[in-house]
Amino acid sequence: MYYNAFQQYAIANNVLSTICKVGNISFFEFCSYRKTEHLNILRGLYCYISRERGVAPSRAARLICRTRCNIINQARKYWHYIQVKDPIVTELYNTINNVLKQDCYE
């Protein structure tokens with residue numbers, strides 16, 4: 001489904017706030033250039049879930065101060081992690097999706 005720019009930013013913002021809540025981090029930690037395993041997984045899942053929900057890579061990138069190419073590459077990488085059922089990534093992915101579904105029904 002195609003969304004207009006405002007709807008895409010709203011979806012990306014909803015995904016971002018859910019990831020920050022589930023990952024127990026702040027928005028500023030998420031957008032920083034600090035690298036830890038936990039932060040990198042959360043950033044990769046943001047890219048993948050945003051793409052999955054119909055957000056254009058350029059819009060997802062602007063929200064977190066990254067490049068469009070970074071979003072595309074991370075989304076592809078984390079799609080592969082989901083396909084091979086990586087335990088850490090899959091658990092976080094399922095948790096984030098469950099929270100997003102609950103927020104949608106409230």
Side-chain angles (χ1 to χ4, degrees):
M1 180 173 210
Y2 180 76
Y3 298 106
N4 65 33
F6 179 75
Q7 291 169 322
Q8 288 182 30
Y9 280 120
I11 291 167
N13 188 46
N14 187 26
V15 169
L16 179 58
S17 63
T18 301
I19 287 175
C20 288
K21 183 168 60 172
V22 169
N24 198 24
I25 60 170
S26 71
F27 170 76
F28 296 109
E29 284 178 291
F30 187 87
C31 292
S32 72
Y33 287 98
R34 193 172 63 132
K35 291 184 179 183
T36 66
E37 181 183 6
H38 183 66
L39 281 174
N40 286 349
I41 290 171
L42 292 174
R43 289 178 190 133
L45 285 173
Y46 166 78
C47 299
Y48 176 69
I49 293 171
S50 295
R51 186 191 73 176
E52 194 177 54
R53 293 180 181 267
V55 177
S58 57
R59 293 197 174 95
R62 267 189 225 118
L63 198 62
I64 63 167
C65 303
R66 296 295 195 272
T67 64
R68 176 182 169 273
C69 291
N70 176 267
I71 299 293
I72 292 168
N73 290 333
Q74 289 298 312
R76 184 182 313 123
K77 181 178 173 181
Y78 278 82
W79 177 76
H80 289 292
Y81 286 145
I82 298 294
Q83 294 300 308
V84 297
K85 296 182 178 29
D86 180 88
I88 297 170
V89 174
T90 305
E91 181 183 341
L92 269 171
Y93 172 75
N94 290 334
T95 305
I96 291 164
N97 271 334
N98 289 337
V99 172
L100 283 169
K101 287 177 187 174
Q102 288 174 357
D103 289 346
C104 184
Y105 291 122
E106 289 178 355

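Quick caveat, the model's predicted, so the values are computed rather than measured. Heavy-atom basis, side chains included; hydrogens, waters and symmetry copies ignored.
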- [ ] Please check if Y9 and I49 belong to a single hydrophobic cluster, counting links between Ile, Leu, Val, Met, Phe, Trp and Tyr side chain heavy atoms closer than 4.5 Å.
- [x] no
TODO: Taking the side chain as every heavy atom from C-beta outward, state whether N97 and E52 have any atom pair closer than 4.5 Å.
DONE: yes
Open item on the list: Would a single hydrophobic cluster contain both W79 and I72, if residues Ile, Leu, Val, Met, Phe, Trp and Tyr are joined by side-chain heavy-atom contacts under 4.5 Å?
Closed with: no
Task: Neighbour count above 12 (heavy atom, 6.0 Å) for N24 CG - done: no
- [ ] Could you tell me which non-hydrogen atom of P57 sits nearest to which non-hydrogen atom of R68, and how far apart they are?
- [x] CB-CG, 3.9 Å
- [ ] Determine whether I41 and Y78 make a side-chain contact, defined as any pair of heavy atoms from C-beta on separated by less than 4.5 Å.
- [x] yes
TODO: Answer with yes or no whether the side chains of Y3 and R53 bring together a donor and an acceptor at under 3.5 Å.
DONE: no
Open item on the list: Distance check, rounded to the nearest 0.5 Å: E29 atom CD versus L42 atom CG?
Closed with: 10.0 Å
TODO: Indicate, with yes or no, if Y33 and L63 share a hydrophobic cluster defined by side-chain heavy-atom contacts under 4.5 Å among Ile, Leu, Val, Met, Phe, Trp and Tyr.
DONE: no
TODO: Measure the spacing between CG of N73 and SG of C47 and express it to the nearest 0.5 Å.
DONE: 9.5 Å
Open item on the list: So T90 and P87, do their side chains get closer than 4.5 Å, heavy atoms only?
Closed with: no
- [ ] Determine whether more than 12 heavy atoms belonging to other residues, nucleotides or ligands lie under 6.0 Å from atom CD of Q83.
- [x] yes
Open item on the list: Quick one: does any side-chain atom of N14 pair with a main-chain N or O of A10 as donor and acceptor, under 3.5 Å?
Closed with: no
Task: Spatial distance of atom CD1 (I64) from atom CG (N70) [nearest 0.5 Å] - done: 6.5 Å
Task: F6 and R59: CA distance, side-chain angles, deciding distance, side chain to side chain contact (heavy atoms under 4.5 Å, CB included) verdict - done: CA-CA 10 Å; F6 179 75; R59 293 197 174 95; over 6 Å; no
Open item on the list: To check you understand the geometry: which heavy-atom pair defines the closest contact between Q8 and A56, and what is its length?
Closed with: OE1-N, 3.0 Å
TODO: Kindly give the heavy-atom pair with the smallest separation between K35 and R43, and that separation in Å.
DONE: CA-NH1, 4.4 Å
Task: Side-chain donor or acceptor of E91 paired with backbone N/O of I88 under 3.5 Å - done: no
TODO: Using the rule that two of Ile, Leu, Val, Met, Phe, Trp, Tyr join whenever any of their side-chain heavy atoms come within less than 4.5 Å, decide whether F30 and F28 are in one cluster.
DONE: yes
Task: Point-to-point distance, once rounded to the nearest 0.5 Å, from OG1 of T67 to CD of Q74 - done: 9.5 Å
Open item on the list: Under the criterion ring pair (Phe, Tyr, Trp, His ring centres under 6.0 Å), I'd like the reasoning laid out for Y81 against Y93: C-alpha separation, chi angles, the key distance, then a yes or no.
Closed with: CA-CA 10 Å; Y81 286 145; Y93 172 75; over 10 Å; no
- [ ] Would you mind reporting whether I71 and V55 have side-chain heavy atoms less than 4.5 Å apart?
- [x] no
TODO: Could you grab the distance from atom CD1 of I96 to atom OG1 of T18, nearest 0.5 Å is fine?
DONE: 8.0 Å
Open item on the list: Can you tell me how far apart CZ (R34) and CD1 (I25) are? Round to the nearest 0.5 Å.
Closed with: 8.5 Å
